[in-house]
Amino acid sequence: MMVRGFQDFGMLKVAPLIPLAPLIASVLVGTTGHRFSRGASHWPVLIGVALALVGSVMVAGTVYFELPYEYADTYRLYEWIAPTLVTSFTVSFCIDPLTGVMLLTVCAISLLVVIYSRDSMRHHGHPERGYERFFAFLGLFVFAMCTLVLAGNFLLLFLGWEAVGLCSYLMIGFHYDRPAAASAARKAFLVNRVGDFGFGLGILCIYLWISPLTNAWDNPLDYAVVFARVGDLAPWQCTTIALLLFCGAIGKSAQLPLHVWLPEAVEGPAPVSALIHAATMVTAGVYMVARCGPIFAQSPVALGGVAVIGAVTAILAATIALAQYDMKRILAYSTISQLGFMFVGLGVGAADSAVFHLYTHAFFKALLFLGAGSVMHAMGGQMDVREFGGLRRVLPVTYATFLVGGMAMAGVPFLSGFFSENELIHAAFGFHAWLGPMLGGLALLTALLTAFYTFRMVFLAFHGPQRIPDGVDVREPGRWMRVPLLLLAVGAVVAGYAGVHPGLGGFAGVIAPNGSFHEYVRPVLSPNTTVGADASPAVGHGRYLLMYVSAVVALLGIAAAYVLYVRRRAWADAVPAAMPTAHQWVHDSCYVDEVNEAVVVRPLRRAGVLCYATDNFVIDGFLWLITVVPRIAAFFLRELQGGSLQGYGLTMTVGLLVILVVALLAN
Amino acid sequence: MTDLFARWILTAVIFVPLIGVVMIGLMNARSHALIRRGALLASFATLGFALAALRLYYEPTNAYGEPHWRAGLFALSLRVPWIGDPQLLAGVDVAYAVGVDGISIWLLVMTAALTPLAIWASFSGIRERIKEYYLLLLLLEAGMLGVFCARDLLLFYVFFEFTLIPLFFLIGIWGGPQRRRAASKFFIYTLAGSVLTFTAILFLAYQAYRMPGIGVFTFDIEKLYAVGERLDLATQRWLFVAMAAGFAIRVPLFPFHTWLPLVHTEAPMAGSVLLAAVLLKLGAYGFLRLIIPMLPAAAIEFAPLVAGLAVVGILYGALAAWVQGDMKKLVAYSSVSHLGFCMLGMFSLKVAGLTGALAHMINHGLSTGALFLIVGVIYERYHTRRFDEIGGLAFHMPWLAFFLVFFSLSSIGLPGLNGFVGIFLVLVGAFTSSSTLDGNSTGPLGIAYAMIAAAGVILSAVYMLWMCQRVLFGPLRELTRTPDRSSGLTTDLTPREIAILTPLAVAALAIGVYPKPLIESMQPALQEQVIAHVLNRAPDWPVTPVIPFAAAAPTHAAVPSDGHDASDSSERRPEASAAHRTLAPLQAVPARAETAGSTASDVGGGV
């Protein structure tokens, strides 16, 4: 590991342009858009993001072809904040395969979403109010996300981390005149802040414990420096740091118990949900834990915690998704669930599989959200699957692409989700003597539920008798929306093949896991990749077996959804009728929000009232008491100054007499 | 020529507003436009001089002629005897002594920059007694600038107290409905504390008189450092309490803060801006400049207490801010919370903490000043600041929405904006206070302070975003016959208002993205002028009982042990310039006073 100055950047000199191009576009559109570009405001951002994508391809390619893996390089741009006279926290980039993968994913999805938004943010051909603001925020988000994944130290990571949170806040509250949107935005920011509290303390702990071990001139928060030194820390220190950092990941990636903000985040426009709350921003937690593999690898406790929280979140969110009717909410819960999968992978030592799943998930989840967005666009803002149905004839392109996305997420063989999900389940089974099978079992069950609720949604929205709300003129979306959908559908099919390689005797006779994707990222993730690395035949055999099992599980879930929601709709309706309380519980997300409100928010609010009352009554009352003393004294003393000359004369005489007597006695 | 300019530049900065006062005093009270322009001109001229002072401070001073922040030294100094003659034995030594170092120069520039903006912002809101209003604002500016320049304790105190008078009238005449009560509460409360401070100052001067080698009633801050640090712990304790009384009320430190919300609510916009941005900093500056270096043993001993109050204030102010129904009160309580961060960082006694405290003083000045300006903008249009009467203003005030959200984000410490720099460094300082990471010996605080204070960062987001949501978002709600578009106002911000807020936003962004010039000019000064007086003492640091108030043992536990990080402390130690020592000929100076030339503090200007 080494640290270099910017002048040694070589081919990678384009790296700063990756975040800067969207930022410049964003500023341009944000400041002048309302005056000049208006309905064409998507162009600057489109160009900016396209440039970022080109830069990402160059960077990732350079890393792939040129950079030896031993050099996980840190490039210093400038000094940012100096905690002492010698040390400073720098703005530095770390460029390695993991960064490359993340950059490619982020920029590719962003570009498609920008294209999609051009039509999505128009109604009947007219730009929506705040059109230029939307694209300015989009550009800002791409900047923030690229900064996050390019960051070479924890402080710049924190900047990107908070900045994407800000963009999420701004985007969820895009329709700020809707109180629900404004509340959801604030909630998202605050819940993330709770996680960031832990994250920030983790960074402080790293500084406190790592910097005595390093040279004075090193930035003690550089990844390279920290990861080189983390082995010298005591185990409890590693565990503390890892758990604190994981707090941040829990908030950003919406894991239990901080998942409450993500279902409400669907208040934002559909492209935003696709980009920020499904494909990229929410995966920042996964990225961060993967990046901090050397820290987590030092602490089995933290790894176990990551895996358990991931598994529990995955199953719980999948259960809740069963009882939702809002398409975007179903997708939001499924995002939570899929992120849980990724954390299971990280926890059980399959970081490469987790990142692989992050990458495939980005395609199919963005596809599903954008598909839901075009349904919503066609339905005039309606998202409730009870209000419409049987849309497959009127929205054929949307239906076809949505189906592909759904199949990929459900884990249908030969689509991208199948390969990555299966790796994670397999890794979970091999993790630990008794915890491993439990996690693996939970993951398999989650896969079953995923297939079921995904196709429940597909069948409810697109199959059955055609039902369309009154007064809605259903039209297939315009070209700007169709093209990204089709491209993402292609991605959802083929993206997975980056992670497999042709292996004779593998799944279906031809496919074996751990392809070139894994080869590419493994050098970075090796500290936390214990499962995937050993491609020994014995394990390999079990892996193929599990692939068949999960394929059957996926098809089983789809079949069950088909029976319940296409063939025998009455059965499906009978379930909530039979257990109304349980259904209500699941539908209302187990009342986590209400508990939060009662346990955290209201007591704090009461504490605030108490503080204010203390100010007004206790402290000011005490001050009033102090002022009372002179007032009472004055009340008596002022009698002496009544203004009558006789009184003054008497006082003076008495006083003189007293002085005289004292003087005489003293002598 | 340059030298002359450098010697007198600070005097110019202080007295240009007073020239403005005279100018306005000569004007016809009815020529409103002229008065406004005159006041604006005077304050902008002051800003020009202050920036010139900054430029002069940043002169090439090192051997290679490279630009260089004068490593922690005082510069641009001028000393003119004022009262008494220091040459006489048993004389009185009060001087008009001014000078700036890396600590005060930025506060000076911030003050000079905010006053014109506050004056400009008052153009539409103040419609009566215009002449007196701008006159008082300029007087206030002169007082505030004087505090940051003063190098003589009596001069400092005169300026410090002088700021009360214009502010008292500004609140009492142009304030809200309860302005009389607010003005008198403010005046009496702050004066009561300041009187104790004054007693302490006189006592210190008396100690200087008693001290062998000085023998005069000196108010020279440099000399009083050496006097104060040689007092025994019991005396230092009493002095600490007495001096802190005045400054703690001004900061305001919990639980002395109750005057602040009332005064902010009642004060006119410019008054609120300057009160929050500068006047509160006078208290914090007093702690930084006077109390900590002058009474080091007591500072270490009281640090956990003061930091504890600061942390309580952070949470308390934040919680109280959250339940306010009035925007201005909310921002006022947020000041209590933010000043808590300043005090916490200061008493961590680490380079990071002190830098953070000072940076946060600047940052809070910028963002809270801007927030008060925005509240004023809303109040001028809607004649209310209550959340239950207005809402959804983003709908037809997009510029306002942008600025309010921007400065809220700056206030809650979003990385990339200015607030983060200060808060983060404060937390780093408090978190590492008991370590030796900055090359100094261990400081007084444990990590718990930082952990609790970090929770305050969450709460700051809670109340600021709550305010944004109530004011900006949701369906549009406004009272009938509003917005008021009289006297040149428009529904959204006028170009004048945008021109006022934009420089603040640019500064906030610049500090957030590239705070290096700020930090690297502050740190040597903080190291030399503050930390060097307190930490890094030898274990047997003698505390000579000059006047034993109590039978305190001469050695005390508060003095830190020699906690140097032996491995690399030599690399981390900055070049000790020791130029602040002016007491070379002093007899019986403790072992530590490794003194340089006796006039080294006065490095003058342009060299």
Side-chain angles (χ1 to χ4, degrees), chain A residues 30 34 78-88 133 155-156 158-163 165-166 169-170 173 176-179 181-183 185-186 189-190 193-194 196-197 200-201 204-205 207-208 211-212 215-217 220 604-605 607-612 614-616 618-620 623 627, chain B residues 189 255 257-258 261 316 319-324 351-352 355 392 394-395 398 401 405 409 414-416 420-421 424-425 427-429 431-432 435 437-439 447 450-451 454-455 457-459 461-462 465-466 468-469 472-476 514-516 519-520 523-524 527 565 568 571-572 574:
Chain A
H34 63 287
Y78 67 91
E79 292 182 357
W80 186 21
I81 297 176
T84 73
L85 290 147
V86 181
T87 319
S88 48
R133 184 162 51 93
L155 204 60
L156 193 64
F158 191 66
L159 181 143
W161 192 265
E162 292 273 297
L166 165 70
Y169 168 77
L170 295 171
Y176 55 79
D177 47 342
R178 288 212 311 257
S183 292
R186 186 168 59 103
F189 197 91
L190 294 182
R193 267 260 155 149
V194 174
D196 295 352
F197 166 71
L201 284 183
L204 289 179
C205 282
Y207 173 61
L208 183 65
S211 59
N215 297 318
W217 54 83
L604 272 179
R605 189 96 190 149
V609 173
L610 187 71
C611 288
Y612 190 47
T614 311
D615 264 18
N616 282 338
V618 180
I619 300 178
D620 274 4
L623 291 175
T627 58
Chain B
Y189 207 153
H257 63 276
T258 51
Y316 188 98
L319 286 172
W322 188 22
V323 297
Q324 299 306 317
V351 173
T355 316
F395 187 73
V405 170
L409 293 172
L414 188 86
F420 176 71
V421 177
F424 177 71
L425 282 174
L427 292 179
V428 168
F431 204 75
T432 59
S435 75
L437 289 180
D438 62 349
I447 62 170
M451 291 171 70
V457 181
I458 305 180
L459 289 178
V462 170
L465 295 188
W466 189 79
C468 287
Q469 186 184 346
L472 297 177
F473 307 140
L476 184 65
Y514 193 61
K516 197 181 169 195
I519 291 176
E520 96 183 337
Q523 277 178 342
Q527 174 71 35
D565 194 352
D568 52 9
E571 298 156 4
R572 287 165 179 246

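Hydrogens, waters and symmetry mates are skipped; everything else that's a heavy atom, side chains included, is used.
Note that CG of L170(A) is 7.0 Å distant from CG of L409(B), once rounded to the nearest 0.5 Å. Distance check: K516(B) NZ to S88(A) OG gives 6.5 Å after rounding to the nearest 0.5 Å. Of the inter-residue distances, the one linking R605(A) atom CZ with W322(B) atom CH2 reads 5.5 Å to the nearest 0.5 angstrom. Separating the CG atom in L459(B) from the CG atom in L604(A) is a distance of 6.5 Å, to the nearest 0.5 Å.
Proximity to chain B (any heavy atom under 4.5 Å) is restricted, for L623(A), to the side chain, taken from C-beta onward. At a 4.5 Å heavy-atom cutoff, A401(B) makes no contact with chain A through either its backbone or its side chain. Both the backbone and the side chain of Q523(B) come within contact range of chain A, judged by heavy atoms closer than 4.5 Å. With a threshold of 4.5 angstrom between heavy atoms, T432(B) approaches chain A through its backbone and through its side chain. Heavy atoms of L166(A) lying under 4.5 Å from chain B belong exclusively to its side chain.
Shortest non-hydrogen contact noted between T84(A) and L437(B) is CG2-O, 4.0 Å. The two atoms that bring P524(B) and L85(A) nearest to each other are N-CD2, 3.8 Å, heavy atoms only. What you find for L425(B) and A82(A) is that their closest heavy atoms are CD2-O, 3.9 Å. For the residue pair A394(B) and Y176(A), the shortest heavy atom distance occurs at O-OH, 3.3 Å. Contact detail for Y612(A) and Q324(B): the closest heavy-atom pair is CD1-NE2, 3.2 Å. Nearest heavy-atom pair, L201(A) versus A454(B), reported as atom, atom and distance to 0.1 Å: CD2-CB, 4.3 Å.
Using a 4.5 Å cut-off on side-chain heavy atoms (C-beta onward), D177(A) and L476(B) make no contact. Between L159(A) and F420(B), every side-chain heavy-atom pair lies at or beyond the 4.5 Å cut-off. Within the 4.5 Å cutoff, the side chain of W80(A) has heavy atoms near those of the P515(B) side chain. With contacts defined as side-chain heavy-atom distances shorter than 4.5 Å, the pair L204(A)/F424(B) qualifies. Contact annotation: the side chain of F431(B) never approaches that of Y207(A) to less than 4.5 Å [non-hydrogen atoms, C-beta and beyond].
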Test side chain to side chain contact (heavy atoms under 4.5 Å, CB included) on L190(A) and I458(B) and set out the steps. CA-CA 7 Å; L190(A) 294 182; I458(B) 305 180; 5.5 Å; no
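Atom OH of Y514(B) is surrounded by more than 12 heavy atoms from other residues, nucleotides or ligands within 6.0 Å.
Remark: the backbone N or O of V457(B) is paired with a side-chain donor or acceptor of R193(A) at under 3.5 angstrom. A donor-acceptor contact shorter than 3.5 Å links the side chain of Y316(B) to the backbone of C611(A).
Each of L610(A), T627(A), L156(A), T614(A) has some count of heavy-atom pairs under 4.5 Å with chain B, and the biggest count is that of T614(A). Between chain A and the options A455(B), G392(B), C468(B), S435(B), heavy-atom pairs under 4.5 Å are most frequent for A455(B). In terms of heavy-atom pairs under 4.5 Å with chain A, the best-connected choice from L472(B), V462(B), T355(B) is V462(B).
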